[in-house]
Amino acid sequence: MAIRIATWNINSVRLRIETVSRFVKISRPDVLCFQEIKCREAEFPFSSLKEMGYQHFAVNAQKGYHGVAIASRLPLDDIQTQDFCSKGEARHVSARICSGGANFSDIEIHNFYVPAGGDVPSVEANPKFKHKLEFLEEMKSFFASPAASSQNRVLLGDLNVAPLEHDVWNHKALLKVVSHTPEEVERLISLFESGGWVDPIRNQAPEPEKVFTWWSYRSPNWLLANKGRRLDHIWVSEPLSGAVKKTEIFKETRGWDRPSDHVPVIADLI
DNA sequence: ATGGTTGGGGTCCAA
């Protein structure tokens, strides 16, 4: 049985629930992971998502800001949240997907919304940047246990870092722009390598191909100017690397009415 | 170097 997993920073799930429905009709992911739901759990659109075929949920919500959720056609269990950096912010939720797949048993999925980090790339001048770096370091520790890389795991979400040269529209111009600074990139790559993760998006579209998942609202003419960044990621653990058959950046949602500034990233596992 | 846009909650903060 194949399983399609998608991640999407939706930038208010209530405002864009019809946009979600439109995407689901086209792409029909089995597991749909959101970041920036921006609502309390009581306000989360469970019933709309149930109508779209999602009966199972793992939600870590807070009022107004951040917030992550997993909506799934397959049963979820062992739902957990971790308060990275102990700030009481809803930036992580994990669950085990009972997949019934042929090439893998259950999958542990970790959905992250990494802090954006503010505007100034200095830990002294900008506490948000410090928070972001510490958050990435805690993520590394979290996945550092010896058995971690032997599990069927997926780490996905808005990681708010574009690690590679061609993950941004202009590498040199963005070296001092938060999301692509050497300090962030170093920490994200350290997390990636120490956890034994695999990046199927980049395996399918190696450098120097440009791959973006986000286009700023502030940049007019997003499609022609194409000043994007790859901030959203789907990583899998080594045992799952052979199970990823295809990935996709679902770019077209960025051109829809009142879009999120992020687009869905999809991985198909068999 | 600057300003550009969006969303939530409430007349400003985060992205």
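Per chain, numbering begins at 1; letters A, B, ... match sequence-line order.
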Exercise for the section: Could you tell me whether A:Arg40 contacts a base, only the sugar-phosphate backbone, or nothing, with contacts defined as non-hydrogen atoms closer than 4.0 Å? Expected result: nothing

Exercise for the section: Could you measure between the two C1' atoms, the one in B:dA15 and the one in B:dG3, and give it in whole Å? Expected result: 15 Å

Practice task
Would you indicate what A:Arg91 reaches in the nucleic acid, counting non-hydrogen atoms under 4.0 angstrom: base, sugar-phosphate, or nothing?
Solution key: sugar-phosphate

Listing, residues 44-53 of chain A side-chain donor-acceptor contacts under 3.5 Å, not counting sequence neighbours, or none:
none

Handout entry: B:dA1 and B:dC12, which share atom name P, separated by this distance in whole Å
Key = 29 Å

Fill in the blank from the handout: In the 5' to 3' direction, the nucleotides of DNA chain B bounding the stretch that comes under 4.0 Å of a heavy atom in chain A are B:dG4 to B:dA15

Fill in the blank from the handout: For A:Arg230, the salt bridge (Lys or Arg N to Asp or Glu O under 4.0 Å) test, sequence neighbours excluded, returns A:Asp167, A:Asp199

Handout entry: Whether A:Phe23 and A:Trp8 hold their rings parallel, tilted or perpendicular, with breakpoints at 30° and 60°
Key = perpendicular

Completion exercise
Sorted by chain and number, sequence neighbours left out, side chain to side chain donor-acceptor pair (under 3.5 Å) with A:Asn170 holds for none

Completion exercise
For residues 206-225 of chain A, the salt bridge (charged side-chain N to carboxylate O under 4.0 Å, His left out) pairs (sequence neighbours left out) are A:Arg202-A:Glu207

Practice task
Among residues two or more places apart or on two chains, list those pairs meeting salt bridge (charged side-chain N to carboxylate O under 4.0 Å, His left out) that have a residue in residues 261-270 of chain A.
Solution key: A:Arg4-A:Asp268

Problem - Contact residues, residues 61-70 of chain A to DNA chain B [heavy atom, < 4.0 Å] - result: A:Lys63, A:Gly64, A:Tyr65, A:His66

Exercise for the section: Keeping to residues at least two apart or across chains, list the side-chain hydrogen bond (donor to acceptor under 3.5 Å, both in side chains) pairs with something in residues 181-190 of chain A. Expected result: A:Lys132-A:Glu184, A:Glu137-A:Arg187, A:Lys140-A:Ser190, A:Thr181-A:Glu184

Handout entry: Inter-nucleotide P distance (B:dC13, B:dG9), Å rounded
Key = 16 Å

Problem - Under the salt bridge (Lys or Arg N to Asp or Glu O under 4.0 Å) test, residues paired with A:Glu108 that sit two or more places apart - result: A:Arg153

